[in-house]
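One structure is given here, and the rest of the page talks about it.
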Amino acid sequence: MEITNRIQEAVASGIKSLYGQEVAAESVQLQETRPEFEGQVTLVVFPYLRMSRKRPEDTAQDVGEYLVREVPDVVARFNVVKGFLNLVIAPAQWIGLLQEINSQEHFGFRPVTPESPLVMIEFSSPNTNKPLHLGHVRNNLLGWALAQVMEANGNRVVKTNIVNDRGIHICKSMLAWLKWGNGETPETSGKKGDHLIGDYYVLFDKHYREEVKELVAQGMDEEQARQEAPLIKEAHEMLVRWEQGDEEVRSLWRRMNEWVYAGFDETYRALGVSFDKIYYESETYLEGKEKVEEGLAKGFFYRREDGSVWADLTKEGLDEKLLLRSDGTSVYMTQDIGTAKLRFQDYPIDKMIYVVGNEQNYHFQVLSILLDKLGFKWGRDLVHFSYGMVELPNGKMKSREGTVVDADDLIQTMIEDASQMSADKVNRLEDITPEEAREIARIVGMGALKYFILKVDARKNMLFNPEESIDFNGNTGPFIQYTYARIRSILRKAQAQGIEIPAELPTTAELSDKEVSLIQHLQGFAQTVRQAGQDYNPSCIANYCYDLVKEYNQFYHDFSVLREEDKQKQVVRLALSEAVSKVVRNGLGLLGIEVPERM
RNA sequence: GGUUCGGUAGCUCAGUUGGAUUAGAGCAGCAGCCUUCUAAGCUGCGGGUCAAGGGUUCGAGCCCCUUCCGAAUCACCA
């Protein structure tokens, strides 16, 4: 940061003094110098030709001479290639930067203060009738990572989850359990609560389809059969009783939801995600009506003859949207308005981010406009953090076709594979207890899963290849974790040998090109964090970590740290190793990926 | 049909606000490297009309227009 800023300012004042034109320092664009040229930082002078009214080469020469004259402690010398001004930075500057990175626990992060903007992030949002699957995993990991990134960018973050705990789908599970469950519980069956409920949901569907098939065989058309099947009618009756507050239904509903939540908690814990505030749809689904009535009174919405309420968004290039059914009950959109209202009562929200799949792009476009009309100040620029579908090699993930990947199974498989992988390793670490080994397997297995999902641009549909995800070679989480563990090993050994990194690094130490390049790369972390926050895109952090570690690995093979004879060089390399490990740990930390001290 | 988002190596993906005669990783294939700080690693080879065409300029994978292909969505479902 430091170096870049100083050069930017110097260039700006140089342009002013040479050509009499004002240039904003932060608009000065610097980039890393290509390896085939001498120098580390390059200024592209093309944007300033209009001001200099000179050839690119002469302009670059002017600026270069100015920099060497005015900031000789930063720019040692320069060379010009066409319109590119390559600057050789004084080594002491790089040492200083390295020192700065190491002196901070969280280099590149911005502090959070009580005055920081308050950002609320909604993610996860499960239904309580079945366990979490791979799609939820992507949602949870993205939501968590985004929350970390926003916080690192100096925002106060509230992580929230809206649980869809009511509706016909829960009644289906409840009904099936009553009919065929024989009082089975998570304790008696040994199943996780969410899986138990999910199984009854599937069971309902199975019997329901049989009923429909039978009715069709008797000559009923399929559409009608779906509505007339005794099971679905019974489920609807149950929903009505639920809405009336029937205590028998409610208490069963509470009991079964508790099972599900216990199951979800286990999965969330394994994924390493948590929430600051959980909303339940059963408590919020009636809230939106009032706001809709308010909008109706103000003339934003209109009522049709049958009594239903609509918003006309044709002016915004969208369609008309239903807000209240003719029977006065609310729809999905109404509920989201109600939830927004409650949230705003609870927190002074400056920015709202919804982590929801891209199949709901239209919904959030509409929601944004509606909230804006209804006077929510953050409505207009709410963020729908929209992510793509997870596809499997043999096609899409569809629960109906049975091609879902269960989250718990997946997590378990990843950890088992990591355990197997480390057992197969040739150079095993000897002095490791079984407990430590299990913990390492957990960290590595989860790291593999998380990294595999988070390295892909969230907007894109992604292919989840189970075989490839457990391949720990290449651009993977374990590769990064492994490099981290090796660096930690070096640092431990240095300490054991009594080699300390001094508080003040020797500014006279010589630096190789690779060392300078690594320091430069480290500097880029701050920018990457900022970019991730601006673009709502955690994937660039994942890719940054990989690039950094890849570069360090090459360094690792070319140079030795502990056997270096020159004490100055040794200390600098040690400091460099520490900086890399620190930045990697912080970077992966933003993604919710842990790092092992040994593996 | 309308809207939104995608299309980069055989496969999975990067590509920072447009930058340098040569667009990067990984996987898969081939060839090397463990008496050397952890080989889950490193080095080398092969593999591309950045979907197609036009435009903007000193310069385009990136910006604009057109076309082609793919996905999502446009419910008194959530």
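Protein chains get the first letters and strands the later ones, always in sequence-line order, with residue 1 at the start of each.
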Inset, instruction - Please work out which of the three classes, parallel, tilted or perpendicular, describes the rings of A/Tyr354 and A/Phe364, given edges at 30° and 60°. - result: tilted

Legend entry - A/Tyr556 side-chain N/O to B/A39 phosphate OP1/OP2 under 4.0 Å: yes

Inset, instruction - Classify the side chain of A/Ser539 versus the base of B/A14 as yes if they form a donor-acceptor pair under 3.5 Å and no if they do not. - result: no

Inset, instruction - Could you tell me the separation between the CD1 atom of A/Ile470 and the P atom of B/A40, rounded to a whole number of Å? - result: 17 Å

Inset, instruction - Give a yes or no answer on whether the side chain of A/Asn139 reaches the backbone of A/Val355 with a donor-acceptor pair at less than 3.5 Å. - result: yes

Inset, instruction - Could you tell me whether A/Thr329 contacts a base, only the sugar-phosphate backbone, or nothing, with contacts defined as non-hydrogen atoms closer than 4.0 Å? - result: nothing

Inset, instruction - Determine the interatomic distance between P on B/A51 and the same-named atom on B/U16; round to the nearest Å. - result: 15 Å

Legend entry - A/Arg442 with A/Glu594: basic N within carboxylate O range, under 4.0 Å: yes

Legend entry - Base-pair map of RNA chain B as dot-bracket, where | denotes pairing with a different strand and pairs are Watson-Crick or G-U under 3.5 Å: (((((((..((((.....[....)))).(((((.......))))).....(((((..]....))))))))))))....

Legend entry - Aromatic stack A/Tyr546/B/A25: centroid gap under 5.5 Å, interplanar angle under 30°: no

Inset, instruction - Mark yes or no: A/Arg166 above the aromatic ring of A/Trp253, with NZ or CZ under 6.0 Å from the six-membered ring centre and no more than 45 degrees from the axis. - result: no

Legend entry - Near-ring test A/Phe204/A/Tyr201, centroid separation under 6.0 angstrom: no

Legend entry - Parallel, tilted or perpendicular: ring planes of A/Phe525 versus A/Tyr544, cut at 30 and 60 degrees: tilted

Inset, instruction - Pick base, sugar-phosphate or nothing for A/Glu281, based on heavy-atom distances below 4.0 Å to the nucleic acid. - result: sugar-phosphate

Inset, instruction - Please tell me which of A/Val81 and A/Gln360 maps to the more 5' nucleotide of RNA chain B, matching each residue to the nucleotide holding its nearest heavy atom. - result: A/Val81

Inset, instruction - Pick base, sugar-phosphate or nothing for A/Ala485, based on heavy-atom distances below 4.0 Å to the nucleic acid. - result: base

Inset, instruction - To the nearest 0.5 Å, tell me how far A/Leu449 CG sits from A/Leu454 CG. - result: 8.5 Å

Inset, instruction - Assign A/Val44 to base, sugar-phosphate, or nothing according to its heavy-atom contacts below 4.0 angstrom with the strands shown. - result: base

Legend entry - Between B/U36 and B/G19 - P atom distance, rounded Å: 45 Å

Legend entry - Atom-to-atom span, CD of A/Gln335 to P of B/A78 - whole angstrom: 6 Å

Legend entry - Interatomic distance at P, B/C65 relative to B/U56, whole Å: 15 Å

Legend entry - Interatomic distance at P, B/A52 relative to B/G7, whole Å: 13 Å

Inset, instruction - Name the nucleic acid region contacted by A/Asp457, choosing base, sugar-phosphate or nothing; use a 4.0 angstrom heavy-atom cut-off, strictly under. - result: sugar-phosphate

Inset, instruction - Taking only the side-chain nitrogens and oxygens of A/Tyr482, find out if one of them lies under 4.0 Å from OP1 or OP2 of B/A40. - result: yes

Inset, instruction - Classify the nucleic acid contact of A/Phe559 as base, sugar-phosphate or nothing, counting any heavy atom under 4.0 Å across all strands shown. - result: base

Inset, instruction - Taking the six-membered ring of A/Tyr387 (Phe, Tyr or Trp), confirm whether the NZ or CZ of A/Arg138 is under 6.0 Å from its centre and within 45° of its axis. - result: no

Inset, instruction - Kindly indicate whether the side chain of A/Asn86 and the base of B/A20 share any N or O donor-acceptor pair separated by less than 3.5 Å? - result: yes

Inset, instruction - For B/C68 and B/U57, measure between their C1' atoms and round to the nearest Å. - result: 28 Å

Legend entry - B/A72 pyrimidine/purine six-ring stacking with A/Tyr362, under 5.5 Å and 30°: no

